[in-house]
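Chain naming here is simple, since letters A, B, ... match the order of the sequence lines and numbering starts at 1 in each.
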Amino acid sequence: MVGGKKGKKMIGFIVLVILVLVMLFPIVWMLSTSLKSSNEAYKIPPSWVPSAPTLKNYFDAWNEQSFARYFLNSSIVTIFTALLATGIATLAGYGLARYSFAHKRLLIAAILMTQMFPPILLVVPYFSWMRVVGLLNTYFALIFAYVSFTLPFTTWILFAFFKQIPPEIDEAVLIDGGSRFTAFWRVSLPAVRPGILAVFLFASLLGWSEYLFALVLTSDPEMYVVTVGIASLKGQYKIEWTYIMSMGIVAIIPIAVVFGFLEKYLVKGLTAGAVTG
Amino acid sequence: MFASLKKMVKVSSRIFVVLVLSLGVFAQIGLAEKITLRFQGWRLAETIPSRIYEELRLDFEKINPEITLKFEPVPYDDRLVKPQSQIAGGAPPDVLMMTEADVIPFASQGLLMNLDSLYEREGGKEFTGKLLEPLFDFDLYKGSYYGVPVEVVIIELLFYNKRMFREAGLPDRAPLTWSEFLHYTQKITKDTDQDGVIDKYGCLLWGKAPGDAAKFFVGWALRNGATLLDEKGTKFLLNTPKGLETLRFYTELWTQHKVTPDPIDLDFPAIGRLYAQGIGAMVQHGPWCKPLTLEANPDMEGQIGVGASPLGPSAKTNVAQLLGMSMSIPRGAKHVDAAWKWITFLLEDKAQMEFAFGINFFPSVKRLLKSPRITEAEDLIMRAGFDMVLNGQVNQILLNPQYPKIERAIWEELQSAWLEQKSPEKALSDMTARIDKLIGS
Amino acid sequence: MNRKQRELLVFFGPLIITLIAVLGLPLIIAFRQSFLGDGINTGFVGLSNYKEVLLDPILGKVLRNTLLFVGFSVLLHFTIGLGLAMLLNLEMRGRKIFRILLLLPWLIPPVVGTLGWSWVLSKEWGILNAIIFHQLHLVSSPLPWLTSPGLAMLSIIMVWGWRGYGFVMVMVLAGLQGIPVEQYEALAIDGGSGIDAFFYITLPNLRFILMVTLFLDMVWTFQHFDIIKVLTDGGPVNSTEMFSTLIYRVAFRFFEFGHATAIAILLFLGLSILGVIYVRIVLRGTE
């Protein structure tokens, strides 16, 4: 079936190109808008290609609106959220996959239930709580909140990935006299690398794009994050479209870079060998 | 190997977190020498206003060296979510920017501080006498003051496109009556490129966002001589011939005459754009329409005409709704005296005039409103507007604590009428029934 | 404490401590709110908030809209996400670039993406109508994407479908890596086709991951409100009002936290029942 495989790839390629065009059409539109002067951006009917592309919007938004600081804040919060969440979830996910114990179902249920209560109604109570412990306006308030929001699902996802690995490979380590933790650390963890990556990325994405909690928990503009900064560009009677579009495009870059960098770990790797090995 | 690096980072960051958490608990201890005054509002995020405020801040801090004024910009759409949460959560800002419709609902929820004693200290009647009286309606709840009106604005201004009027053979002035208005729109609305779709519209109606849609529609009703509420404020009175006349005219502009694009599609960015690009000839707006339009399309220079919104057939007076901005002090604010200092600072001449000419809001200080700088301003808006402001009325319906729900009810019924899901009669009676239920005693 | 207990502490300790320390008190406060009154009487009002919610005539419409929205957009997420993941798993040139590009809709900050779409979908001056009407003449007049009740629902499903397929795509891609190549090879030797491979190897191996993804996607979609708030604000005339937007509105526009929490808890109970069924199915076959 060699010839067929090549043909299949060609079709696949073409389909992908079409899909990319369709899916990215609004984003290309945003990019195009961000490169236009405000006059041109507001023209009706809208034009695709800017007649005089300019990076002015990017510079203006960056300078006038403290976006440098916002990006720094978002980055710090996101990285720590992702690291913490991934670490904790990996441990718990493994535990769920390999142990049975009393009330296990209850634990799973409780973990999942925290996911089902709308975060928007937790804003005020959480704010009070953070005030009591003196963490208002800090990175911690945001990081802790985000980690807590991501933990249930990241744990659950890693549970799924660990389940995919047959228990025999863990058993092998235990039989050889190793501890459970060694089995976890040496054998199972590498085997679910794609899962860990996926979870790391999800946690990053949540930290990067969250809005409501960041809005309420930070009062000092020095602590604002990118999402709040961009939302502030929509005023009472004026929307700074060109700034929103340009900063929106810039906001994609860090997260896309992170994904791009880690994406290769999503590829088939040593995992396949671990099963039969 | 990245796994062990990650583990190291993970472990050390957790230790770090625990350490700093413990530090954070002790961070509360530490005495501030200077007072940091927190001022929260959405204007602080907008380019031009924020510049004005920044200038004022420097002046204020010079006069009050023991105060550090900290600005906290908020996105407009969530301008209430943040203070609500912070007040309820126990760490509110010291001064809060509020629109005319915000003070009373907040006060009724116990979120704002009663300012009566501060008013007394400032001179009581002498103080309130300095400002435009009707404005205080926005800040009074159960007989006490919960805000200070610092700006006033009207939206019964009609902006038109001189060029489009000229091309349609219309005189260079805004239409004065509804029938004239309809006539003008019909002359302008055309499908100029014959592609089956109209591309020049006589007017632009606000229908997408609940707040705008409700306010503008209510304005039309008022300018047709309708009354909205009875004296006690417990009955909605729009279901009368005058009210019905308004709703019918307003909805038929779209459903029958098609002289406006689909109103449900139009929010302020859309309207701003359509007017600036010469696609919609007339639009009802606040004074900020002019600078925004010119910014969007410099070609409109000299083509922006302004007048008053047309009066309906049953109108008696040239009534306009007063809207504006107040400053409040949240419940639990830390620095009340400093907050009051800032608020009264905003009532001083410099601040008031900067706002007037910088962002086209009228001063709430009567003396300034009547000063030649405004009454004889070259700016047509200023001249057309100040008169309506001095004689303006407060829309009583904005004063009801249930206003957010009332607004939504008006909006839903209006849209039903536009979508022709209901006849104007049914929409109006449903609207009345719903609102009566909300405000009835 | 015996060895197993120690081990359990190591694995579950961080999770439990974090969740309780961070969310414990807030959740209790929030739950309690549903039994408190709004407005003037902020005391204990028992179940009256719940009664108010259940008797509200809008509840039926909101339920219907929410189910429609969740059902169709999750369907979109899965068809697109699964399809793309399969495609992107093939060895081909530029695979890495395609992956990043196709993930972009998911990575855009929600605020920007939604504002951008509101512009795209505008009837009079949106680029979508500009293309299909003005340039391609596919339709006889510009379509009311956000202003007609039916199309508005379609639009938000479309936009959320566009934004959310990335999650499914990444999960499936990651999951595909764990399927042993040998299984495919064995099937090929036995003369099985690509379709067989999909149904007999890929899907069964992905079963658990797909179920997890489905559950999470559904729960998130139930709670999603950003897109709807910005594009239609529940309109026109409540045709796109969901539980999520209703809760937001009642809490932050009408200031009725007790009422809003009651709605949220009812939703929570509904989702919990779903969750229980789900956990049963998923854990079937383990201990």
Side-chain angles (χ1 to χ4, degrees), chain A residues 9 12-13 16 20 23-24 26-27 29-30 44-46 88 91-92 94-95 99-101 108-109 112-118 120-122 125-126 129 144 147-148 151 153 155-157 160 163-164 180 194-195 198 209 227 230-231 244 248 251-252 255-256 259-260 263 266 268 271-272 275, chain C residues 7-8 11-12 14-15 18-19 22-23 25-27 29-30 87 90 92 96 98-105 107-112 115-117 120 125 127 130 134 162 170-171 173-174 177-178 180-182 208-209 212 216 219 223 244 247-248 251 260-261 264 268 271-272 275 279 287:
Chain A
K9 277 205 222 171
F13 191 83
L16 274 177
V20 166
M23 292 304 176
L24 291 195
I27 298 180
W29 168 245
M30 281 171 47
I44 300 166
I88 301 178
L91 288 170
Y94 181 77
Y99 286 94
S100 61
F101 47 92
I108 294 178
L112 289 182
M113 305 265 253
T114 55
Q115 200 77 91
M116 297 193 245
F117 193 76
I120 54 177
L121 292 177
L122 287 175
Y126 185 72
W129 179 224
F144 290 151
V147 169
S148 306
L151 273 181
F153 77 83
T155 304
W156 194 239
I157 290 174
K163 262 211 114 35
Q164 239 193 350
R180 178 57 93 174
S209 53
T227 46
I230 293 181
I244 292 180
I252 301 179
I255 197 88
F259 267 70
E263 180 265 351
L266 282 177
K268 233 185 266 277
T271 57
V275 183
Chain C
E7 291 176 358
L8 284 180
F11 287 108
F12 289 109
L15 173 74
T18 309
L19 283 181
V22 178
L23 291 184
L25 192 62
L27 274 172
I29 298 178
L87 261 179
L90 300 172
M92 69 173 82
K96 181 177 170 136
F98 277 124
R99 282 188 188 170
I100 304 291
L101 286 181
L102 287 167
L103 276 182
L104 284 184
L107 302 180
I108 286 192
V111 164
V112 186
L115 277 179
W117 271 104
V120 166
W125 41 273
I127 191 115
H134 286 112
W162 176 84
V170 172
M171 287 291 282
L173 260 178
Q177 310 315 314
V181 168
E182 293 75 23
F208 209 67
I209 288 174
V212 170
L216 288 173
V219 171
Q223 293 175 350
S244 48
I247 291 173
Y248 182 87
T261 316
F268 173 78
L271 287 178
S272 301
V279 169
E287 64 271 336

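Annotation for C/F12 and A/A92: closest pair CE2-O, 3.5 Å, computed over non-hydrogen atoms. When all heavy atoms of C/I209 and A/A160 are compared, the closest pair comes out as CG1-CB, 4.1 Å. The minimum heavy-atom distance linking C/A264 with A/F117 is given by the pair CB-CE1, 4.2 Å. Shortest non-hydrogen contact noted between C/F268 and A/M113 is CE1-O, 3.1 Å. Smallest separation of non-hydrogen atoms from C/A260 and A/L121: O-CD1, 3.7 Å. C/P109 and A/I252 get closest at one heavy-atom pair: CD-CG1, 4.3 Å.
Taken from CD in C/E7 to OH in A/Y94, the straight-line distance is 8.5 Å, to the nearest 0.5 Å. Expressed to the nearest 0.5 Å, how far CG of C/L107 lies from OG of A/S209 amounts to 9.0 Å. To the nearest 0.5 Å, atom CD1 of residue A/I255 and atom CD1 of residue C/I100 are 10.5 Å apart. Of the inter-residue distances, the one linking A/L91 atom CG with C/L15 atom CG reads 9.5 Å to the nearest 0.5 angstrom. Atom-to-atom distance recorded for A/I244:CD1 and C/L115:CG is 5.0 Å, nearest 0.5 angstrom. Taking CZ of A/F13 as the start and CG of C/L87 as the end, the distance is 11.5 Å to the nearest 0.5 Å.
Both the backbone and the side chain of A/F259 come within contact range of chain C, with heavy atoms under 4.5 Å apart. When heavy atoms are compared at a cutoff of 4.5 Å, C/L25 approaches chain A solely by way of its side chain, counted from C-beta outward. Using a 4.5 Å cut-off between heavy atoms, A/M30 contacts chain C through its side chain alone, with no backbone atom that close. Interface remark: A/A109 contributes no atoms to any contact with chain C (heavy atom separation under 4.5 Å). Looking at C/A251, only its side chain comes within 4.5 Å of chain A, counting heavy atoms on both sides. For C/L216, the part lying under 4.5 angstrom from a heavy atom of chain A is the side chain only.
If you tally non-hydrogen atom pairs under 4.5 Å between each of A/F101, A/Y126, A/F153 and chain C, the highest count goes to A/F153. Put simply, of A/T155, A/T114, A/I120, A/L112, the one with the most heavy-atom pairs under 4.5 Å next to chain C is A/I120. When C/G275, C/S272, C/G116 are compared by the number of non-hydrogen pairs under 4.5 Å with chain A, C/S272 comes out ahead. Per-residue counts of heavy-atom pairs under 4.5 Å with chain A were compared for C/L23, C/I29, C/I127; the largest is that of C/I127. Annotation: maximal heavy-atom pairing with chain A below 4.5 Å, among C/V111, C/L271, C/V120, occurs at C/L271.
At a threshold of 4.5 Å between non-hydrogen side-chain atoms, the residues A/L16 and C/L102 count as touching. C/L104 has its side chain within reach of A/L24: a pair of non-hydrogen atoms, C-beta onward, lies under 4.5 Å apart. Contact annotation: the side chain of A/I27 approaches that of C/P105 to within less than 4.5 Å [non-hydrogen atoms, C-beta and beyond].
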| request: Go through the steps to decide whether C/V22 and A/V147 satisfy the test side chain to side chain contact (heavy atoms under 4.5 Å, CB included), and finish with yes or no. | output: CA-CA 9 Å; C/V22 178; A/V147 169; over 6 Å; no
